[in-house]
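Here the structure comes first, spelled out in structure tokens, and everything after it is commentary.
Numbers restart at 1 for each chain; the letters A, B, ... are given by sequence-line order, proteins then strands.
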There are 2 protein chains.
Amino acid sequence: METKETYHHGNLRQALLEEARSLIRVGGLSQLSMRKLAEQVGVSRTAAYHHFKDKRALLIAIAQDGFEQLKEQAEQIPDELSATQKMVRRCKLYLDLAFDDPALYELMYGKVIWSEGASDTHLEGTAAQMFKDYCDFYAKLEALNEVRLVKPPALIARIHWATLHGLARLYVDGVFRIKPDTNQLATDIVDMRMAGIGVDQQVE
Amino acid sequence: METKETYHHGNLRQALLEEARSLIRVGGLSQLSMRKLAEQVGVSRTAAYHHFKDKRALLIAIAQDGFEQLKEQAEQIPDELSATQKMVRRCKLYLDLAFDDPALYELMYGKVIWSEGASDTHLEGTAAQMFKDYCDFYAKLEALNEVRLVKPPALIARIHWATLHGLARLYVDGVFRIKPDTNQLATDIVDMRMAGIGVDQQVE
DNA sequence: CTTGTGTTTTTGACGTTGTCTAGTTGTGGC
DNA sequence: GCCACAACTAGACAACGTCAAAAACACAAG
């Protein structure tokens with residue numbers, strides 16, 4: 001790679017994304033500014049605007065990367081696990097994201113992306129898919145006669161996600177300050193959710 | 001009240017709080033600026049700094065008012081209701097706050113207050129009390145032999161609050177855009193929570 | 001090697017923000 | 001009426017996000 005004395009960075013977009021990711025991991029979303037970011041990367045304060053329409057576009061790109069990473073992690077869950085065990089793993093991945101990288105979680109599931117409609121982020125499908133996965137999970141358990149749903153799967157899925165999101169946000173925002181054992185917590189949530197809809201035995 | 005041509009407003013602190021409350025209700029937290037607020041109230045941009053140390057101090061005051069209002073509403077729940085019915089009412093009040101005044105909810109339970117430690121806000125006790133109320137609720141049901149807890153009350157209380165908070169935040173942040181029937185939702189949550197910990201009959 | 005074109009930066013500038021500080025005005029006690 | 005203090009106004013500063021013009025760079029064609 002050539003030196004930085006020249007104008008052309010060469011791979012500025014990627015460098016901005018990586019540096020921004022690092023900055024928010026350390027200082028939180030509120031500590032990220034386009035000027036500080038540019039300074040860290042070694043370019044002028046408006047160089048980023050050639051690669052990103054505005055600050056929100058850069059943040060969206062970081063969130064997209066985060067969703068991609070989460071998806072790749074979910075795909076590594078072994079196929080041979082039961083549906084319930086897979087769900088516990090997915091819940092754990094979700095909680096791990098929030099507890100290990102609170103600012104990325106806040107970006108992915110917070111107002112920057114969602115408050116003005118997310119149609120420009122191509123992430124609405126992602127959120128819908130997550131919701132659908134939860135619905136499918138419960139519908140599948142019922143189809144296998146493993147549980148008897150006493151509420152519609154959509155309601156159960158909504159509350160399932162809300163529970164995870166609430167635990168995440170209460171930590172991300174600083175209301176709860178103690179990082180839990182996410183494996184245990186995911187197990188407890190799925191366990192309680194099983195009991196809530198009629199399953200007879202606890203998660204093994 | 002005397003005219004506004006004079007320097008002395010007379011009751012600027014209260015006017016700022018009321019106007020700020022109104023501004024965030026309409027435009028959201030991000031639309032509130034000290035300059036716009038001062039202009040709306042008819043004073044110069046730094047007048048507020050005589051009454052509030054900084055912007056965060058003003059926001060804390062609004063959040064404190066919000067908690068006070070929530071507490072007063074909870075105190076109006078009739079004593080003769082069963083513990084479960086009271087809990088449904090409280091859950092409904094909580095959800096109503098989030099769905100009817102999202103910015104106030106975000107302020108009360110979000111980063112402005114909680115991210116740097118809330119010791120200067122005198123609200124830590126409020127959050128702790130809410131958590132304790134949920135714990136007590138479940139412990140009381142168990143003491144009355146109405147339910148059999150299969151998890152510690154602290155975990156159940158934490159997940160109970162997380163569920164409410166998650167539903168609230170998913171709406172406040174714009175991930176979910178449809179305002180639900182909060183009475184039905186509160187009933188469903190408590191209903192499912194009952195089932196989750198072993199209650200034999202649904203909420204009447 | 002030169003030239004032209006397109007890309008990618010830098011630089012000057014603007015509007016907005018929160019907040020500091022000095023100065024001005026108003027209030028109330030004596 | 002005077003004085004001290006409270007409560008404001010006004011000037012100023014630093015930082016922010018972003019726009020647009022100018023400058024530098026990369027590359028292809030001749």
Side-chain angles (χ1 to χ4, degrees), chain A residues 1-20 23-24 26-63 103 107 110-113 115-116 120-121, chain B residues 1-20 23-24 26-63 103 107 110-113 115-116 120-121:
Chain A
M1 192 74 161
E2 59 180 321
T3 68
K4 290 293 304 311
E5 288 86 345
T6 74
Y7 264 27
H8 271 228
H9 182 279
N11 195 22
L12 184 55
R13 185 178 198 280
Q14 195 55 36
L16 288 166
L17 288 175
E18 287 170 7
E19 186 60 35
L23 286 174
I24 70 174
V26 168
L29 266 186
S30 66
Q31 291 304 310
L32 180 71
S33 77
M34 299 302 276
R35 292 175 183 238
K36 282 179 191 165
L37 177 60
E39 186 177 356
Q40 286 296 314
V41 173
V43 293
S44 74
R45 64 196 173 287
T46 50
Y49 291 93
H50 181 75
H51 301 275
F52 301 98
K53 179 177 179 293
D54 53 19
K55 183 179 182 183
R56 181 170 180 268
L58 179 139
L59 292 173
I60 287 171
I62 297 171
L107 180 56
K111 299 179 90 76
V112 169
I113 302 295
S115 70
E116 291 153 39
D120 58 332
T121 69
Chain B
M1 190 75 161
E2 59 180 317
T3 68
K4 288 296 305 311
E5 289 86 344
T6 75
Y7 263 32
H8 271 228
H9 182 279
N11 195 21
L12 183 55
R13 184 178 199 279
Q14 195 56 35
L16 288 166
L17 288 176
E18 288 170 7
E19 186 62 35
L23 285 173
I24 69 172
V26 167
L29 265 186
S30 66
Q31 292 304 310
L32 179 71
S33 77
M34 301 298 279
R35 291 176 184 234
K36 284 179 188 167
L37 177 60
E39 187 176 356
Q40 285 296 316
V41 173
V43 292
S44 76
R45 64 196 172 288
T46 50
Y49 292 94
H50 181 73
H51 301 275
F52 302 98
K53 176 175 179 299
D54 53 19
K55 184 180 181 183
R56 182 172 180 265
L58 178 139
L59 291 174
I60 287 171
I62 297 170
L107 180 56
K111 297 178 91 79
V112 170
I113 301 295
S115 70
E116 291 152 39
D120 58 332
T121 69

Which atoms of nucleotides 4-6 of chain C (N or O only) lie under 3.5 Å from a protein N or O atom, and what are those distances?
none

Legend entry - Below 4.0 Å: OP1/OP2 of C:dT7 and any side-chain N or O of A:His51: no
Inset, instruction - Quickly work out the A:Lys36 NZ to D:dC16 C1' distance and round it to whole Å. - result: 10 Å
Inset, instruction - Calculate, to the nearest 0.5 Å, the distance between atoms CD and CD belonging to B:Gln14 and B:Glu19 respectively. - result: 12.0 Å
Inset, instruction - Any chance you could measure B:Ile113, atom CD1, to B:Leu59, atom CG, to the nearest 0.5 Å? - result: 7.0 Å
Inset, instruction - Drop me the distance from B:Glu116's CD to B:Thr121's OG1, to the nearest 0.5 angstrom. - result: 11.0 Å
Legend entry - Rounded distance in Å - NE2 (B:His50) to C1' (C:dT25): 13 Å
Legend entry - Heavy-atom pair with the smallest gap, counting every atom of B:Ile62 and B:Ala20: CD1-CB, 3.6 Å
Legend entry - A:Asn11 CG - C:dT8 P separation (whole Å): 11 Å
Inset, instruction - Give one of base, sugar-phosphate or nothing for B:Ser44, where a contact means two heavy atoms less than 4.0 Å apart. - result: base
I'd like a table of atom pairs between the protein and nucleotides 19-23 of chain C - only N or O on both sides, under 3.5 Å - with the distance next to each one.
residue: C:dT19; atom: OP2; partner: B:Tyr49; partner atom: OH; Å: 2.9
residue: C:dT19; atom: OP2; partner: B:Lys55; partner atom: N; Å: 2.8
residue: C:dT19; atom: O4; partner: B:Arg35; partner atom: NH2; Å: 3.3

Inset, instruction - Mark yes or no for whether B:His8, through its side chain, and B:Gly10, through its backbone, hold a donor-acceptor pair below 3.5 Å. - result: no
Table please: side-chain donor-acceptor pairs of residues 28-48 of chain B below 3.5 Å, with sequence neighbours left out.
residue: B:Ser33; atom: OG; partner: B:Lys36; partner atom: N; Å: 3.0

Inset, instruction - Give the rounded distance in Å between these two atoms: NE2 of A:His9 and P of C:dT7. - result: 20 Å
Legend entry - Nearest non-hydrogen partners of A:Leu16 and A:Phe52, listed with the distance: CD1-CE1, 4.0 Å
Legend entry - Rounded interatomic separation in angstrom, taking CD from A:Glu39 and P from C:dT10: 12 Å
Legend entry - Atom of A:Val112, atom of A:Arg56 and distance for their closest heavy-atom approach: O-NE, 2.8 Å
